[in-house]
Amino acid sequence: MDSARITAAETLAALGVTQPDQVAPLFAEIRSRFGLESTAIHDEPAWKTFRDAWLGRKSGILAQITDNWLKPAPPDLKRAVGAGLNELRAHVESQIESRRQAIESGAEQSALAREHVDLSLPGVTRPIGSHHLIRQVFQEIEDIFVSIGFSVVEGPEIETPYYNFEALNIPEFHPVRDDMDTFYLELPKGAPTPLLLRTHTSPMQIRTMEKQKPPVRVIVPGKVYRRDNPDATHSFVFHQVEGLAVDSDITFCDFTGTIEYFVKQFFGPGVKTRFRPSYFPFTEPSVEFDVSCIFCGGSGTAAGGGTCSKCKGAGWIELFGAGMVDPAVYGFVNYDAKKVSGFAFGMGIDRLAMLKYQIDDIQVFFQNDVRFLRQFP
Ligand code: PHE
């Protein structure tokens, strides 16, 4: 632009133009500079500056040419200069206008390219998470027991052998320890006590009674660990809800009534319960609670005839262990075994969930496959 402007600022005499045939090449040179400049204009602000530089009324290049070339031109050059100027003006005006149109439509195109709005695309759905089925079943169980006066407490998953065994009336060489063979933590030499991953939630019976005087009514949901090899019904980590009720006048009837209430709330009013004698070192008497088979309605016969595969024709399914708290346990927590009585139970949540929701492999709870999880929103 500068070179065209410099040329336009001179008079023809200063440029050495004295003959009419020197005029056309001069305009040709200006025109080619204009062409070069115009190719470098790509946006609106640059276009405006460009337009003013050439067409500006007072100091645009065409105005300069008028003032410096045309007006002072000697008569024999005037005609050629006038013609050249008119031609140049027509060219500059039309080129500047077509440049404007190019910039405008180009800008629209690149804006479209940047956004890429495709209104036919479906919207973005953000998946909403949900509670794991085990967490949901914990909640169902908690709601039922809270509604009849129990409170919910939680305890440590790393325990001492004292709470996991001894205080529950399981001395060191008691054979039931074999059933609960567990994971011990590797500790530095000289650690005051071994530590293990709790094998059941029952240690919380002791911890709760150590902390509070009767009456006690608690349930304890949580994870427990055993050295089991994984298969359809075993996992080295699973879930339990412990229950403990101790007061001055709790009877075996309170115990069975509470359990029955819970089972009917959980599985529906149609189910029946029964208990069988069992053995746990920390309950006396100890029982195993059964529920009438939810798959065959307790008949032992499958829907299409033949033996029910779930209860193997028995009509009953084993649910969980329970019992009246063994008086020996009270000795560990300074409760007076002559004045208090109570019951305890420990249910496997994975098992309850499998029965209620007809799941036949415990491993699916731990694999976290969303195709499974999505079935329980
Ligand atoms: N803790 C026992 C188990 O894990 C279950 C249980 C709890 C039995 C409370 C009786 C009373 O097998």
Side-chain angles (χ1 to χ4, degrees), residues 134 138 141 145 150 152-157 159-171 174-183 196-209 216-228 233-247 250-252 254-256 258-260 262-263 273-291 317-330 332-333 335 337 340-354 362:
I134 293 294
F138 267 136
I141 294 170
F145 280 104
F150 283 75
V152 181
V153 294
E154 283 184 33
E157 288 171 27
E159 270 295 7
T160 62
Y162 176 79
Y163 285 105
N164 198 77
F165 296 124
E166 273 113 74
L168 286 162
N169 206 26
I170 313 173
H174 197 292
V176 303
R177 286 211 184 189
D178 290 349
D179 299 341
M180 295 195 173
D181 192 9
T182 189
F183 302 104
L196 52 82
L197 297 182
R198 66 178 177 190
T199 60
H200 50 180
T201 40
S202 300
M204 276 304 285
Q205 291 188 29
I206 307 301
R207 289 185 180 275
T208 307
M209 288 190 283
V216 170
R217 279 179 187 78
V218 292
I219 56 164
V220 189
K223 284 195 177 72
V224 300
Y225 304 83
R226 291 186 197 177
R227 260 194 56 192
D228 282 337
T233 54
H234 293 85
S235 165
F236 47 79
V237 53
F238 57 102
H239 306 85
Q240 285 190 333
V241 169
E242 190 82 6
L244 175 71
V246 181
D247 206 340
I250 289 189
T251 66
F252 197 83
D254 296 322
F255 166 45
T256 55
T258 305
I259 299 295
E260 202 158 306
F262 163 72
V263 171
T273 55
R274 74 171 186 187
F275 54 86
R276 291 174 290 115
S278 184
Y279 174 76
F280 298 101
F282 39 95
T283 47
E284 179 62 32
S286 300
V287 303
E288 201 72 51
F289 258 92
D290 294 348
V291 64
I317 286 183
E318 194 181 304
L319 262 196
F320 54 83
M324 299 301 285
V325 177
D326 192 308
V329 172
Y330 295 130
F332 287 96
V333 295
Y335 275 22
V340 294
S341 59
F343 61 82
F345 54 84
M347 23 204 191
I349 303 315
D350 312 78
R351 184 170 167 69
L352 288 185
M354 287 166 78
I362 193 175

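Every number for a ligand or one of its atoms is a count from 1 in the order of the listing.
- Of the polar atoms of Glu242, none of the N or O atoms is found under 3.5 Å from an N or O of ligand 1, judged by distance alone.
- Of the residues Val218, Ile219, Val153, the one that meets the side chain to side chain contact (heavy atoms under 4.5 Å, CB included) test with Met204 is Val153.
- The residues Arg351 and Glu318 are annotated as not salt-bridged, no charged nitrogen and carboxylate oxygen being separated by less than 4.0 angstrom.
- Under 4.0 Å from ligand 1, the heavy atoms of Ser202 that appear belong solely to its side chain.
- Salt bridge Arg177/Glu166: present, at least one basic N to carboxylate O contact under 4.0 Å.
- Counting heavy atoms from C-beta on, the side chains of Tyr335 and Val325 never come closer than 4.5 Å.
- Close contacts between ligand 1 and Arg226 involve ligand atoms 3 (C), 4 (O), 12 (O) [criterion: under 4.0 Å to a heavy atom].
- At least one heavy atom of Phe282 sits closer than 4.0 Å to an atom of ligand 1.
- Taking a 6.0 Å sphere around CZ of Phe236, one finds it holds 12 or fewer heavy atoms contributed by other residues, nucleotides or ligands.
- Considering both main-chain and side-chain atoms, Thr199 never comes within under 3.5 Å of ligand 1 through any nitrogen or oxygen pair.
- Near Thr283, the atoms of ligand 1 lying under 4.0 angstrom from a non-hydrogen atom of the residue are 10 (C), 11 (C).
- At least one heavy atom of Gln205 sits less than 4.0 Å from an atom of ligand 1.
- No option in Phe320, Phe345, Phe282, Tyr163 other than Phe282 meets the ring-ring contact (aromatic ring centres under 6.0 Å, His included) test with His200.
- Near Phe345, meaning under 4.0 Å from any of its heavy atoms, are these atoms of ligand 1: 7 (C), 9 (C), 11 (C).
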